[in-house]
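No experiment lies behind these values; they were computed from the predicted model shown. What's counted below: heavy atoms across the whole structure, side chains too, no hydrogens, waters or symmetry copies.
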Amino acid sequence: MKRIAVVTMVLLAGTILCWVGCSSKASKTVAKNDVKPKRTNIILIMGDDHGWEETGYNGHPFIQTPILDEMAKKGLVLNRFYSAHPSCSPTRGSIITGRHPNRYGTFTPGWSIRPEEISLAQLIKDKGYATAHFGKWHLGPVKATSPTNPGAMGFDAWVSHDNFFEMDPILSRNGAPPIKIEGEGSEVIVDETISFIHDSKERDIPFFTVVWFGSPHEPYQARPEDLALYENLPDSLSNMLVGLTSFKTGTRVNRPLDSVLQERFAEITAMDRAIGKLRDYLKKEGIRDNTLIWYCGDNGIPPSGLYNSMFHGLKGTVYEGGTRVPGIIEWPEKISRPGISDVHGVTTDIFTTLSEVVGFELPDRPMDGISLMPAIKGEVKARSKPVCFWNFDITHLTDTDPYINPELQVGTTPLVKKAGNTFTRTFRNFHHKKIDEKDYLGSRAILDNRYKLVIADRNGELAKELYNIRDDPSETNNLIDNYPNIAMDLERQMKVWQQSVLESLMEKDYQLHRNTENREERKIDD
């Protein structure tokens with residue numbers, strides 16, 4: 001009997017131990033499954049007037065960009081990346097909305113966005129992210145009363161400027177009266193960005209941060225140590241004069257190209273170093289792997305920055321020189337192997353791509369971008385639909401019906417460049433009540449996976465050019481007579497797209513949104 005009792009006790013003890021051990025393992029498994037995966041942090045970075053060729057990794061003979069070069073080696077280079085427009089305000093709007101800027105009247109620099117646009121920041125914020133904007137805004141005043149300031153567009157916090165800025169920038173913090181913050185301009189906004197990310201990390205909240213530098217927009221200003229890197233530019237450049245803003249008067253002045261490029265290149269290097277400071281912080285905090293950094297420019301190189309470009313055209317034109325910009329995505333968690341994508345991408349794609357990353361639904365209105373996730377994953381080698389560019393012809397417009405109260409469109413953050421008699425910027429946007437044939441005018445282009453059709457209105461006549469961008473990126477060989485059918489098909493697609501854009505400009509998309517909201521309200525009342 002004693003023997004049986006001992007055996008029974010041993011078996012009972014074993015059962016208890018097994019139950020405890022198994023329960024412990026089960027609880028660990030449950031606990032492990034209950035842990036939510038870390039959501040991807042997102043940082044969108046953009047240089048101001050930074051063209052495709054102005055990086056070391058793209059072979060520039062002088063410019064030193066060691067940080068962007070390292071990002072290119074470790075991440076995904078978007079080799080054929082474009083700005084949605086060849087100038088700044090419109091391109092910035094394309095990132096915020098995922099739509100071409102002509103849809104909401106941001107035609108050129110100084111034209112504001114519209115309050116009814118659905119912002120990328122709003123949708124990401126709804127997913128539980130902390131959101132912030134730092135640097136150049138240029139989609140309306142950043143003051144508190146503006147209906148198009150970063151806060152109105154979904155950003156929790158902002159330290160921003162209505163336009164561009166230089167050293168010791170004068171910025172508005174969350175819409176307050178602007179104050180001067182001493183330091184190199186790019187580093188100043190990166191320091192603000194780091195402070196915001198630190199706060200988000202302390203609260204255990206994923207962050208979405210937009211960092212839009214004021215560099216390398218003219219007028220140029222840089223530290224002595226950065227200027228020293230470019231003291232030995234070719235002597236021949238001293239014989240060429242270029243126009244840019246004078247720091248003394250704020251008006252136009254002509255200067256030798258060598259000294260101008262020295263300052264411009266130094267600004268690019270300073271901007272590059274600031275990006276490095278931000279990346280170092282992410283690494284130190286252990287959050288670099290699950291942070292997506294997307295760098296690009298907002299348009300091509302201006303005349304004051306031109307040095308032996310292989311592209312045709314400059315900032316302001318729909319040629320490659322006006323719209324092709326550097327593009328890099330660094331995302332260690334998802335991009336473990338470096339690569340180069342030749343899939344055509346454009347700034348409107350950022351919105352749609354991030355909808356996949358974050359998991360929000362796209363707005364129920366015409367969107368011009370596509371998701372580049374298949375390209376990021378290396379699953380595709382071609383784009384699913386063409387990219388369209390369009391410089392809307394504003395010369396026939398009459399400023400009769402302001403979209404926003406003009407008082408709310410007056411900017412407050414001063415800058416070096418004078419506009420009329422002031423050193424601040426006033427924005428505008430107008431209701432567009434009907435479509436006129438003149439509305440289809442303006443230089444425009446449509447780019448499929450190989451061919452690019454350029455249409456320009458010159459002296460009342462249409463000039464049409466067709467280029468094979470893959471074989472002829474310099475746009476030197478006009479193939480319009482060789483492939484008339486290709487040109488006709490692209491022109492037809494362009495006209496259909498323009499019609500859609502003009503309907504958006506007439507607020508059709510907002511009306512659909514209002515009708516949906518009214519239907520939802522009626523459902524609730526019922």
Does anything in [range] form a salt bridge (charged side-chain N to carboxylate O under 4.0 Å, His left out)? List the pairs, not counting sequence neighbours.
{"range": "residues 93-106", "value": "Arg99-Glu117, Arg99-Asp509, Arg103-Asp368"}
{"range": "residues 236-247", "value": "none"}
{"range": "residues 161-186", "value": "Arg173-Glu192"}

**OP:** Determine which pairs satisfy ring pair (Phe, Tyr, Trp, His ring centres under 6.0 Å) with at least one residue from residues 270-293, sequence neighbours left out, and list them in order.
**Re:** none
Heavy-atom distance under 4.5 Å between the side chains of [X] and [Y], does that happen here?
{"X": "Ile43", "Y": "Ile197", "result": "yes"}
{"X": "Thr424", "Y": "Thr412", "result": "no"}
{"X": "Cys388", "Y": "His100", "result": "no"}
{"X": "Asn41", "Y": "Leu292", "result": "no"}

Contacts of [X] that satisfy salt bridge (charged side-chain N to carboxylate O under 4.0 Å, His left out) - sequence neighbours left out:
{"X": "Arg279", "value": "Glu70, Glu330"}
{"X": "Arg425", "value": "none"}
{"X": "Asp258", "value": "none"}

Original post:
According to the interplanar angle, ranging from 0 to 90°, do the rings of Phe164 and His217 count as parallel (below 30°), tilted (30 to 60°) or perpendicular (above 60°)?
Top reply: parallel
Subject >> Whether Phe107 and Phe392 hold their rings parallel, tilted or perpendicular, with breakpoints at 30° and 60° >> reply: parallel
**OP:** For Trp158, enumerate each residue passing the ring pair (Phe, Tyr, Trp, His ring centres under 6.0 Å) test, keeping only those at least two apart in sequence or located in another chain.
**Re:** none
Subject >> Carboxylate-amine/guanidinium proximity below 4.0 Å for Asp48 and Arg92 >> reply: yes
Between [Y] and [X], do the side chains contain a donor N or O and an acceptor N or O under 3.5 Å apart?
{"X": "Asp298", "Y": "His85", "answer": "no"}
{"X": "Glu356", "Y": "Ser371", "answer": "yes"}
{"X": "Thr269", "Y": "Gln64", "answer": "no"}

**OP:** Quick one: do Met373 and Val357 satisfy side chain to side chain contact (heavy atoms under 4.5 Å, CB included)? Show the steps, please.
**Re:** CA-CA 8 Å; Met373 283 303 295; Val357 175; 4.1 Å; yes
Subject >> Which residues share a side chain to side chain contact (heavy atoms under 4.5 Å, CB included) with Asn58, sequence neighbours left out >> reply: Trp52, Thr55, Asn79
**OP:** Any chance you could lay out the salt bridge (Lys or Arg N to Asp or Glu O under 4.0 Å) test for Asp199 and Arg203, step after step, and finish with the verdict?
**Re:** CA-CA 6 Å; Asp199 180 62; Arg203 294 187 293 147; 3.3 Å; yes
Can you list everything that forms a side chain to side chain donor-acceptor pair (under 3.5 Å) with [X]? Sequence neighbours excluded, please.
{"X": "Tyr57", "result": "none"}
{"X": "Asn290", "result": "none"}
{"X": "Ser336", "result": "none"}

Subject >> Ser474 and Thr476: CA distance, side-chain angles, deciding distance, side-chain hydrogen bond (donor to acceptor under 3.5 Å, both in side chains) verdict >> reply: CA-CA 6 Å; Ser474 300; Thr476 56; 5.7 Å; no
Subject >> Near-ring test Tyr467/His312, centroid separation under 6.0 angstrom >> reply: no
**OP:** Determine the sole option in Glu267, Arg264, Glu263 for which the side chain to side chain donor-acceptor pair (under 3.5 Å) test with Tyr220 is passed.
**Re:** Arg264
Subject >> Working for ring-ring contact (aromatic ring centres under 6.0 Å, His included), residues Tyr307 and Phe265 >> reply: CA-CA 11 Å; Tyr307 178 82; Phe265 295 170; 7.1 Å; no
